Structures are given as structure tokens and as C-alpha cells.
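Data first, discussion second: the structure below is written as C-alpha cells.
It should be emphasised that the depicted structure is a prediction, and the values quoted were computed from it without experimental measurement. Each ligand, and each atom within it, is numbered from 1 in the order the structure gives.
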Amino acid sequence: MGRLNNKISIVTGGASGIGAAIVREFAQQGATVICGDVQEEMGRQVVADLDGAPGTASFFEVDLRDLDQVRALIDHAVDTHGRLDVMVPNAGLQYEKILTDTSEQEYDHMMAVNMKATFFCCKHAVEAMLKTGGGNIVATASVLSLVAEPSLAAYCATKAGIMNLMKSIATDYGAKGIRANCVCPGYINTPLGDKFFESLPDPEAARREADALHALGRMGEADEVARCVSFLASDEASFVTGSAMVVDGGLSCKV
Ligand SMILES: NC(=O)c1ccc[n+]([C@@H]2O[C@H](COP(=O)([O-])OP(=O)(O)OC[C@H]3O[C@@H](n4cnc5c(N)ncnc54)[C@H](O)[C@@H]3O)[C@@H](O)[C@H]2O)c1
């Protein structure tokens, strides 16, 4: 028995990085998981690679900037499986920009994917969950929900927003059987992280510096985040709501 046996779940941003690891972990834990992403080929590959897992996975193409498509993603889960148990708003992007260099277009893009799509995924997911007696949400926030890093003003704002959105949902819907939590990863080896390092003059030196920021002396792996999401999504975490689980290898516990 997996800890997510028969849980109908949606993971956004499931085609790559942390999201793909969450899709794999959920399927290994027996969930029926829908991988939602704008990158169709990669998303279908993530799902195809899961042949033989105890759970099942399918792909749903969605551009989260379009709220009609966000609604269609949640409707698809309910229409196909009769309910939605777990929502994981995970998709996100990052512009490495200081406040005064951030354009309106960059701000809007990051807000649309990181914040607005998360808000409306949660809204429609909660509507569906209320009809079937409850469910739970685990969002991918960041250690940058808690502390700031230079040159990431808009990103930090979205991630702090996601963390407090989870606390708001936990507050408003806890008595109706809905839990809402987030994970706050440190530096994780993913394509998003690769893009960040490759934008720097000496990517290898920057990676070594990033390793050293963590008390454990290394960056994390996507699977290490996925296992925490899986715990929070499961009944093992039945008394955990409104929490921000720090999964940062000790990055934020030291100066
Ligand atoms: N990698 C890290 O170090 C790190 C640290 C803390 C938090 N996070 C957060 O983890 C989450 C996943 O990041 P990752 O590192 O796996 O990144 P990633 O770039 O590997 O994956 C992000 C996924 O989101 C999808 N996506 C982006 N825009 C989309 C849109 N408009 N519609 C649908 N899908 C869209 C992408 O296609 C991609 O599959 C993000 O929210 C990120 O902010 C990452």
C-alpha cells in the first residue's frame, strides 16, 4: 500500500524538475496523478516512463497563464475520476532581476504563473474538494518565501505570497476537511536552477558557492522535495495544515 493509494491528484509543472519528481513519487505511492504542463512532449515522456508504477499517471496540456485552461485542468480531473483529492500547484519560473531592472512584462509573467495560476488552481480545487468532503493542497513555495536573495525581488514576492495563500486556505477551509501546506526548497538541481547558473559568468564556481550555502554542503535533488510533498499530501500528515515545510538542507538556519 502506498501512502497516496487511489488519491486523485494534479501536479502542475509536472514535465520537469521538482514537478516531474512529484509525479513519479505520487505514482510510486499509488496515486492517480495528472501531470499538467505547457511542455507537452516532456510531460508525456514523464508519464510514459512510469509504466509499471503502482499508481497511474496521465498528461494534460495546460498553459497556466490562461485561467480558462486552469479551470479545464481541474474540471478534467473531476470529470474523469469523479473527484480531486490532492492539488499540487508547483509550476513556477524565475527572472534573475533586481527591482529597478524588472520590466512590467517580466513582473506580469512571473505573477501570472507563480501567483495568479496558483491562486486559481487552489480556488477551483477547493470548490471541487468541498463537494466530496475534503482534500488537500501542497504548493511549491521556496526558502525565498522566508528570506530574500539578491536580485530576485519579484520572485521572492510571489513565493512569499504562495506561502501565505496556503495559510489563508488552511484557515478558511480547515473545518471543512481541507488542509493546505507548502514546501520551501533551497537550491535544487533542476533545469530552472541550471538556467540560473548558466546565466552567471562562472557557472561552476557559482554552483560550488551555492553548495556551500547549505548546512549539508550541497544542493538538493528534486526527489528529496517530492518525498516531503508526498508526506504532506498523505493522511500521515492529517494534523498538519498551514505549515511551510523547509526543505533546504539547512540553507536558512544559518547566517
Ligand atoms: N529549483 C530550485 O532551486 C527551486 C527552489 C525553490 C523553489 N523552486 C520552485 O519549484 C517549482 C518547480 O521548479 P523547478 O526547479 O522544477 O523548475 P523547472 O523549470 O524544471 O520546471 C518548471 C515547470 O513549470 C512549467 N511551466 C512554466 N510555465 C508554465 C505555464 N505557463 N503553464 C504550465 N506550465 C508551466 C514548465 O514547463 C516546467 O515544466 C517552481 O515553483 C520553483 O519556483 C525551485
Taken in chain and number order and not counting sequence neighbours, the residues that satisfy salt bridge (charged side-chain N to carboxylate O under 4.0 Å, His left out) with Lys116 are none

With distance as the sole test, does His214 use its side chain to make a donor-acceptor pair with the main-chain N or O of Tyr187 at under 3.5 Å?
-> yes

Residue pair Met111 / Ala157: nearest heavy atoms and the distance that separates them = CE-CB, 4.4 Å

Acceptor/donor pairs from residues 14-26 side chains to any protein atom, 3.5 angstrom cut, sequence neighbours excluded:
unit_1	atom_1	unit_2	atom_2	d
Glu25	OE2	Gln29	NE2	3.3
Glu25	OE2	Ser230	OG	2.9

Applying side chain to side chain donor-acceptor pair (under 3.5 Å), which residue pairs with at least one partner in residues 165-183 are found, sequence neighbours left out?
-> Asn181-Ser243

Residues in the immediate environment of ligand 1 (any heavy atom closer than 4.0 angstrom) | Gly13, Ala15, Ser16, Gly17, Ile18, Asp37, Val38, Gln39, Val62, Asp63, Leu64, Arg65, Asn90, Ala91, Gly92, Val113, Thr140, Ala141, Ser142, Tyr155, Lys159, Pro185, Gly186, Tyr187, Ile188, Thr190, Pro191, Leu192

Asp202/Arg208 ion pair, N-O < 4.0 Å = no

